[in-house]
Amino acid sequence: MQRTLVSHALNAASPMDGILLQGWVRTRRDAKAFSFLEINDGSCLKGLQVIVDASLPGYDQIARATTGSSVEIVGRLVPSQGQGQKWELVATSFAVVGDADSTYPLQKKGHTLEFLREIAHIRPRSNLFGAVFRVRSRLAYAIHQFFQERSFVYVHAPIITASDCEGAGELFRVTTLDPKNPPTSPDGSVDFSQDFFAKKTYLTVSGQLEAEVFACALSNVYTFGPTFRAENSHTSRHASEFWMIEPEIAFCALDGNMDLAEEFVKYLIRDARKHCAADLEFFGKFVDKDLLPRLDFVLERPFQRCTYTEAIDILSRSGRNWEHPVSWGANLQSEHERYLAEEHFKCPVTLYNYPRTLKPFYMRVNEDGKTVRAMDLLVPGIGEIIGGSQREERLDVLLENMRQHQLSEKEYAWYIDLRRYGSVPHSGFGLGFERMLMFVTGVANIRDVIPFARTPGTAGF
RNA sequence: UGCCCGGUAGCUCAGUGGCAGAGCAGGUGACUGUUAAUCACUUGGUCGUAGGUUCGAUCCCUACCCGGGCAGCCA
């Protein structure tokens, strides 16, 4: 007999006989002559109510069907006599598959997110985390769909890299050397030429440079994979291991890049609204009351666009007392970004044309010589969700930038070659997948949108 | 890494320089087409760890550990 998932049973158009239900007990309520079971199998937020009559063989085992136990039920799907649900299953056979004793940590009542993080192996069985990870799965699918529909080629960037590219934060070293007794050079330093890859290697912080290589061959590409930062960040929006989507488009300037980013973000929101409707309604009810109106508002409105210079002007004239002073050439701080997205524009806003001195070597220098074609997409509540730029395609300017950043031409020879042979204007950006999930679900902590979060000091599961 | 808040029952929390508390969960019983069921009774504690002050510390002080928040770094 084939298993029927709860989601399929609940969407039934008519009664069904002899269906097999397998899942986990959420609650049991005993009446005199029968018991109610609520069974969840993760296929959707809601459970299926099951009636187990006391006359059934095996009913003597009903006491084992505690919260958290797994059960297997065959029965008839019929319209419910009760108020809370359309369908219910009248059992014709009932069996406990796996017991869960009274130490089962999930109660019928709500738990704090902090407690649930400590039981990361159990929390997917809760309503909230079931919903979060269904949305995560759906959006991963939608990401591929978005790019494949537009003829982008999916590129797998390496996880292990030799370039500590663009100085985007601290890197995790990858080595097989014995930490207690590493080989050394005559000068006493560790001799990495004897390491596994015969040089220093790291976990990647970004697939961008590799994506550029493929964009300069296949035109429109994207990466979607894990990236790693060894930053000692203790915030609700930083993780040591996170997933990033990085499209790279040949023959594309900054305007096209900003257009794509906006289209992409809206596409993902629209997809979740459509395909994860019940889960999003749950978030709107229990996580963030303003979630659904905010998402719909974001879908309806064009994102605002504003140059860095205009932003500095807005911030200077805001009349605020900034903790960090506002001046042209200084980095925008959290308080500034929050003000722009949440109070001034009250909507996602793309800032672009940043001072050259604030940005990495590969960004396209503008005609003014002072700014580069960088863009950051800021969203209310989270801040930066996308960072990107048009890339510097002129060989001489790129080399000059690298000299200013004191980068080795030798290490980046392959990257420089892209400008030497058939160079084209090209652009791309990185979207933090978990930050996007936070925005779509309203979940405020990045640790709660990753199945098993890695943050400084924590890798317990 | 800096600053701030917290750590008391399985969970969420109250509390006091002098006998350790509640709600929920768990257990027992009753009741019931129930649905975070309800009602009655009930089990449950190294008060984060180590020092110190004190006649006496869960409470005050110090250090450390753990969790969280904010900032920086970024996605």
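Reminder, nothing fancy here: chain letters follow the sequence lines and each chain counts from 1.
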Practice prompt. Please check if the distance between the ring centroids of A/Y308 and A/Y352 is under 6.0 Å.
Written response: no
Which label fits [X] and [Y]: parallel for a plane angle under 30°, tilted from 30 to 60°, or perpendicular past 60°?
X	Y	result
A/Y339	A/W322	perpendicular
A/F36	A/F34	perpendicular
A/Y415	A/F361	perpendicular
A/F286	A/F282	tilted

Between [X] and [N], is there a contact of a side-chain N or O with OP1 or OP2 at under 4.0 Å?
X	N	value
A/R237	B/C70	no
A/Q333	B/A71	no
A/R123	B/C11	no
A/N232	B/G72	no

Have a look at [X] and say if it touches a base, only the backbone sugar-phosphate, or nothing, with a 4.0 Å heavy-atom cut-off.
X	value
A/R26	nothing
A/F115	sugar-phosphate
A/S236	sugar-phosphate
A/T112	sugar-phosphate
A/R117	sugar-phosphate
A/N127	nothing
A/S334	sugar-phosphate

Response to the item:
dist A/L398:CG -> A/M363:CE (nearest 0.5 Å) comes out at 12.5 Å
Fill in: Chi-angle category of B/C19 [syn within 90° of 0, anti beyond]
syn
In this structure, how many angstroms lie between the [atom2] atom of [N] and the [atom1] atom of [X], rounded?
X	N	atom1	atom2	value
A/Q208	B/C74	CD	P	14 Å
A/I119	B/U12	CD1	C1'	14 Å
A/L268	B/A75	CG	P	18 Å
A/M438	B/C74	CE	P	18 Å
A/H111	B/C13	NE2	P	12 Å
A/E114	B/C5	CD	P	18 Å

What's the closest nucleotide to the side chain of [X] if the choices are [options]?
X	options	value
A/T458	B/C24, B/G67, B/U12	B/G67
A/I446	B/C74, B/G72, B/A75	B/A75
A/S233	B/C73, B/U1, B/G67	B/C73
A/H238	B/C11, B/C70, B/C74	B/C74

Who does [N] pair with, Watson-Crick or G-U, both distances under 3.5 Å?
N	value
B/G56	none
B/C39	B/G29
B/A71	B/U1
B/C64	B/G48
B/C13	B/G21

Spacing of the [atom1] atoms in [M] and [N] (rounded, Å):
N	M	atom1	value
B/C65	B/A20	C1'	25 Å
B/U43	B/U34	C1'	27 Å
B/C66	B/A75	C1'	28 Å
B/C5	B/C64	P	16 Å

With a 4.0 Å cut-off, would you call [X] and [Y] a salt bridge?
X	Y	answer
A/R305	A/D255	no
A/E262	A/K266	yes
A/E88	A/R76	no

Worksheet item: Passes side-chain contact (heavy atoms from CB on, under 4.5 Å), A/L89 versus A/I51? Steps please.
Response: CA-CA 6 Å; A/L89 190 68; A/I51 317 294; over 6 Å; no
Worksheet item: Heavy-atom contacts under 4.0 Å between residues 280-288 of chain A and RNA chain B, which residues?
Response: none
Worksheet item: A/D288 side chain to A/G284 main-chain N or O, any donor-acceptor pair under 3.5 Å?
Response: no
Item to complete: Specify the residue among A/E118 and A/I386 whose closest nucleotide of RNA chain B lies further upstream toward the 5′ end.
Response: A/E118
Worksheet item: Which letter, B, S or -, goes with each nucleotide of nucleotides 29-42 of chain B from 5' to 3', with contact meaning a protein heavy atom under 4.0 Å?
Response: ---BBBBBS-----
Response to the item:
side chain to side chain contact (heavy atoms under 4.5 Å, CB included) filter on A/A140, not counting sequence neighbours, yields A/F224, A/F433
